[in-house]
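On a predicted model such as this, the values are computed, not experimentally measured, just so you know.
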Amino acid sequence: ITSTGNVIQSGTSPQYQFVTPSNYNFQIAVQENVSNALEITPSTAAGGTTFSTPAVVINSSGNVGIGVTGPTRKLQIDQDSTTAGGFYVYSNAIHTGTGTNSLVSFRQDNASSTGTVLDVRGDGTGDKLIVWDNTEVSLIVKDNGNVGIGTDSPNFKLDIANAAASTATYMQFRNGTTGTASSDGTVAGIDADGDFLINNQEAKEIKLYTSDTVRMTLDSSGDATFAG
């Protein structure tokens with residue numbers, strides 16, 4: 001112990017061991033099991049003195065590994081459990097943050113970047129993405145590529161559903177020209193009676209194309225023109 005309070009332990013693999021109240025030992029060491037790395041390693045058994053598999057590793061590149069001894073990213077987590085999750089963020093606070101203050105935020109802030117910001121991959125047959133609103137599924141991406149909004153069992157590539165009876169379910173299409181209110185642009189879907197409708201809420205035409213050619217035009221007064 002130096003005069004400034006620093007603790008120095010010499011040697012190629014300095015290490016410190018700690019005993020918890022449950023008598024489960026931990027070791028903090030440098031390159032004990034992994035070259036050029038700081039390691040936090042639990043003992044292989046309660047009260048044991050064998051420390052062979054580090055739980056956390058910080059290597060000389062500054063990469064942190066949890067469950068992996070050779071991390072190649074700034075943070076790499078490997079989970080070998082068949083049931084437990086690998087990463088979990090939880091909050092029971094009244095959270096009001098948005099943007100980069102969201103509970104979880106991913107951001108690439110260089111305008112010249114061409115790389116992917118978020119990549120999700122699942123090689124099995126499980127669902128690829130689920131977004132919940134309380135206990136209801138808001139959005140789901142199934143293994144077969146079907147996307148469900150308001151349903152966890154989409155029948156087609158895009159399935160928009162509303163479980164409530166006698167409730168309209170619409171999609172809205174709008175831009176800076178039409179305006180951004182619910183009364184702007186065009187809506188399409190089923191009304192409360194189950195009838196399908198297309199409603200251009202602007203004083204504009206509705207056009208039907210085939211082979212990239214206009215076949216029918218319905219103007220804002222209700223007059224229809226057919227080509228061909």
Side-chain angles (χ1 to χ4, degrees), residues 82-108 116-228:
T82 59
T83 56
F87 180 71
Y88 180 51
V89 177
Y90 173 81
S91 173
N92 194 34
I94 301 176
H95 185 72
T96 60
T98 60
T100 55
N101 291 318
S102 300
L103 189 60
V104 178
S105 174
F106 298 91
R107 180 171 179 174
Q108 166 50 257
T116 303
V117 175
L118 178 63
D119 180 77
V120 179
R121 172 176 171 174
D123 290 346
T125 58
D127 299 331
K128 299 303 179 279
L129 176 68
I130 304 178
V131 178
W132 295 82
D133 179 16
N134 199 359
T135 60
E136 301 294 328
V137 172
S138 296
L139 172 70
I140 191 168
V141 180
K142 303 292 286 185
D143 175 60
N144 60 5
N146 288 356
V147 177
I149 298 176
T151 175
D152 60 1
S153 302
N155 298 310
F156 301 95
K157 288 305 178 184
L158 177 61
D159 189 343
I160 302 174
N162 192 326
S166 301
T167 303
T169 302
Y170 297 134
M171 296 184 296
Q172 182 180 21
F173 303 89
R174 53 187 171 84
N175 58 23
T177 301
T178 65
T180 58
S182 61
S183 59
D184 293 322
T186 298
V187 296
I190 55 176
D191 63 16
D193 294 326
D195 297 325
F196 180 76
L197 62 84
I198 299 174
N199 180 12
N200 188 345
Q201 302 178 119
E202 309 296 320
K204 298 291 184 179
E205 300 172 334
I206 294 177
K207 298 179 180 180
L208 179 64
Y209 283 70
T210 64
S211 301
D212 203 30
T213 301
V214 176
R215 304 302 185 184
M216 185 187 79
T217 300
L218 183 65
D219 66 24
S220 60
S221 66
D223 292 336
T225 302
F226 296 87

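When all heavy atoms of Ser138 and Asp133 are compared, the closest pair comes out as OG-CB, 3.2 Å. Here the shortest heavy-atom pairing between Ile140 and Lys142 reads CD1-CD, 3.7 Å.
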So Val187 and Met171, side chain to side chain contact (heavy atoms under 4.5 Å, CB included) or not? Walk me through it. CA-CA 5 Å; Val187 296; Met171 296 184 296; over 6 Å; no
Asn146 and Asp159: CA distance, side-chain angles, deciding distance, side chain to side chain contact (heavy atoms under 4.5 Å, CB included) verdict: CA-CA 8 Å; Asn146 288 356; Asp159 189 343; over 6 Å; no
Run the numbers on Tyr170 and Asp191 for side chain to side chain contact (heavy atoms under 4.5 Å, CB included), then give the verdict. CA-CA 8 Å; Tyr170 297 134; Asp191 63 16; 3.4 Å; yes
Could you walk me through whether Asn101 and Thr96 pass side chain to side chain contact (heavy atoms under 4.5 Å, CB included), step by step? CA-CA 8 Å; Asn101 291 318; Thr96 60; over 6 Å; no
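Side-chain N or O atoms of Ser91 include one that pairs as donor or acceptor with a backbone N or O of Ala93 at under 3.5 Å. Put simply, the side chain of Thr213 gets close to the backbone of Ser211: a donor and an acceptor are under 3.5 Å apart. The closest donor-acceptor contact from the side chain of Thr151 to the backbone of Ile149 lies at 3.5 Å or more, if one exists at all.
The CD atom of Gln201 sits 6.5 Å away from atom CD of Gln172, with the distance rounded to the nearest 0.5 Å. The OG atom of Ser220 lies 11.0 Å from the CD atom of Glu202; values are rounded to the nearest 0.5 Å. The CE atom of Met216 sits 9.5 Å away from the OG1 atom of Thr225 when rounded to the nearest 0.5 Å. One distance of note links CG of Leu218 with CG of Leu208; it measures 10.5 Å at 0.5 Å rounding. The CG atom of Leu139 lies 10.5 Å from the CD1 atom of Ile160; values are rounded to the nearest 0.5 Å. Interatomic distance, CZ of Phe173 versus CG of Asn200, reported as 11.5 Å (0.5 Å rounding).
Within a 6.0 Å radius of CZ in Phe196, other residues, nucleotides and ligands contribute more than 12 heavy atoms. Summarising the local packing, CG of Leu118 is surrounded by more than 12 heavy atoms from other residues, nucleotides or ligands at distances under 6.0 Å.
Between Leu103 and Val89 there is a side-chain heavy-atom pair separated by less than 4.5 Å. A heavy-atom distance below 4.5 Å is not found between the side chains of Val147 and Lys157. Considering only heavy atoms from C-beta on, Ile198 comes within 4.5 Å of Ile206 through its side chain.
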